[in-house]
Amino acid sequence: MSLEKLELFEVFLRSKRGLDHRHAGSLHAEDKEQALEYARDVYTRRSEGVSIWVVKSNDICASQEDDSESFFDPSDDKPYRHATYYDIPKEVGAM
Amino acid sequence: MTKYNKSEAELEASFQQRVDSEQKIEPKDWMPEAYRKNLIRQMSQHAHSEIIGMQPEGNWITRAPSLRRKTVLLSKVQDEAGHGLYLYSATETLGIERSELIAALQSGKAKYASIFNYPAQTWGDMGAIGWLVDGAAIVNQVSLQRTSYGPYARGMIRICKEESFHQRQGYVIMMELAKGTPAQKQMAQDSLNRFYWPSLMMFGPHDSESAHSAKSMKWKIKRETNDDLRQKFIDQTVPQIAYLGLEHPDKDLVWNEEKGQHDSGEIDWDEFYAVINGNGHSNRQRIQHHVKAHEEGAWVRDAMSAYQQKKTQRKVNAETAA
């Protein structure tokens, strides 16, 4: 792979122990070790994280905007999956 | 495998310090072997409970009294399957395979909540299970949102959000039965009577009898003791029973002004241990059904893997042709 065409990696940071890793951005690198070091250098310059994940962008399988109907619409007509669908009298306390 | 440049004692000290200062332990951190084992036991037991817990309610999907109730019940059972998945996956971060966990369930080596060994006999039981069984599970799970193992804590946060619907739909079933005909009200009372005590047993033995409690508390796997959690559940259930106009199954229950909580009657611990040790009404049936479902699903797994092979082959063919 030429220097101009390095592979794209996605960077995820855990800002604090106990929290999920969140997407922070992306960068180019030769391999995953280098990606991890670059991510440290550019994305955690102000103590943004306690842990870093890097993943090749090509390895991410993502749903497409065009598919969103078949992916997500079926839950629109199922309000009964939400707790607020059920009226609970105040007298019985939080539920 | 990650390498650590410290002695075992140093590692253990910094682990405990981390736990003491309310920091989460994450999968790649060093942890004592017994902590890992204890977590695998508790988390897999939790996962198995979600999966086996689908059976008593699944039993009523085809007999739900209306289409709306059928969709609600179906949706709840689907949620339990999802919760099982979250928990199995979180357990796997500890370095154990799903197949090992399932084998332990099917051989009886691993346990699941004994409540699911009680049969669901009437529609009223769908109300009582959602309200009491899921209600007791929520009390425990809310506490576990603060457990020391990161993936478990995060799983609990997600699960708790979804569980609230389960308890509320159950209570609504109870409200409807309780204000229905005398026969319907009797059905609600009967379900309450049968599920109240087993729900209290879900919190496990008394603290003085609990085999895993002390270590689990020190490691903050458990955040509150069995008896404290059970007390919370007893107290919160009292006004809920009163609102339904049903009789409380515990005849010894009295308000203790001094303690600011209810004193209650003793649980039948012989029954608890009998059910845990395999002699509940449905123990054998639950495991047999799990094995059967797993075996009957083999063709689906085979089909998925055949389709995967076909897709890969097509890709290879396309590439060689190009």
Side-chain angles (χ1 to χ4, degrees), chain A residues 9-24 31-33 35-37 39-40 43-44 47-56 58-64 67 70-95, chain B residues 18-19 21-29 68-76 78-79 82 130-131 134-135 138-139 142 145-155 157-158 160-176 235-244:
Chain A
F9 285 82
E10 300 300 324
V11 178
F12 298 83
L13 298 179
R14 187 200 298 288
S15 59
K16 216 181 112 200
R17 282 182 163 273
L19 299 182
D20 290 306
H21 285 79
R22 288 186 65 173
H23 188 236
D31 60 20
K32 54 190 184 183
E33 283 80 15
L36 197 59
E37 287 174 9
R40 177 203 58 195
Y43 284 107
T44 64
S47 322
E48 285 92 338
V50 294
S51 162
I52 305 172
W53 283 350
V54 291
V55 184
K56 279 185 191 170
N58 271 336
D59 284 344
I60 291 181
C61 181
S63 65
Q64 298 301 314
D67 298 334
S70 59
F71 259 71
F72 305 115
D73 281 5
S75 40
D76 288 348
D77 60 359
K78 296 177 180 60
Y80 51 82
R81 285 181 177 167
H82 295 270
T84 46
Y85 180 78
Y86 306 89
D87 287 327
I88 300 293
K90 273 197 206 76
E91 297 93 304
V92 306
M95 199 180 272
Chain B
R18 191 168 270 167
V19 170
S21 61
E22 294 294 326
Q23 294 188 54
K24 299 295 179 212
I25 305 301
E26 295 295 346
K28 305 221 165 176
D29 293 339
R68 184 178 64 81
R69 293 172 189 215
K70 196 194 290 281
T71 54
V72 169
L73 187 58
L74 191 57
S75 185
K76 178 178 189 294
Q78 285 175 327
D79 274 356
W131 166 39
D134 287 70
I138 291 170
V139 169
V142 163
Q145 292 180 22
R146 296 188 300 120
T147 189
S148 58
Y149 188 54
Y152 195 21
R154 292 189 288 275
I157 291 168
R158 198 178 176 89
C160 282
K161 267 189 211 152
E162 299 178 359
E163 288 275 6
S164 172
F165 135 54
H166 297 180
Q167 192 186 15
R168 292 167 72 121
Q169 67 81 32
Y171 194 72
V172 166
I173 291 175
M174 293 302 275
M175 285 198 301
E176 283 163 359
D235 289 331
Q236 79 179 31
T237 308
V238 171
Q240 295 165 359
I241 294 174
Y243 183 87
L244 293 173

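Protein chains get the first letters and strands the later ones, always in sequence-line order, with residue 1 at the start of each. Everything numeric in this text was worked out from a predicted model, so none of it was measured.
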With respect to chain A, which residue among [options] yields the maximal number of heavy-atom pairs within a distance under 4.5 Å?
options	answer
B:R18, B:Q236, B:E163, B:E22	B:R18
B:S164, B:A242, B:G135, B:P151	B:S164
B:D79, B:I138, B:T71	B:T71
B:R154, B:E162, B:K161, B:Q23	B:R154
B:Q78, B:K76, B:R168	B:R168

Which heavy atom of [X] sits nearest a heavy atom of [Y], and at what distance?
X	Y	result
A:E91	B:Y243	OE2-CE1, 3.6 Å
B:V172	A:D87	CG2-O, 4.1 Å
A:R81	B:F165	O-CD2, 3.4 Å

Checklist line | Heavy-atom proximity to chain B below 4.5 Å, by part of A:D20 | finding: both

Check: Any side-chain heavy-atom pair from B:M175 and A:P89 closer than 4.5 angstrom?
Finding: yes

Note to self: For A:K32, I'd like to know if atom NZ has over 12 heavy atoms of other residues, nucleotides or ligands within 6.0 Å.
What the structure shows: no

Quick one: pull up [atom1] in [X] and [atom2] in [Y] and give me the separation to the nearest 0.5 Å.
X	Y	atom1	atom2	answer
A:R17	B:S148	CZ	OG	11.0 Å
B:K24	A:L19	NZ	CG	9.5 Å
A:Y86	B:H166	OH	NE2	8.5 Å

Check: Stepwise, does the side-chain contact (heavy atoms from CB on, under 4.5 Å) test hold for A:Y80 with B:R68?
Finding: CA-CA 9 Å; A:Y80 51 82; B:R68 184 178 64 81; 5.9 Å; no

Check: Could you go step by step and tell me if A:V92 and B:W131 meet the side-chain contact (heavy atoms from CB on, under 4.5 Å) rule?
Finding: CA-CA 12 Å; A:V92 306; B:W131 166 39; over 6 Å; no

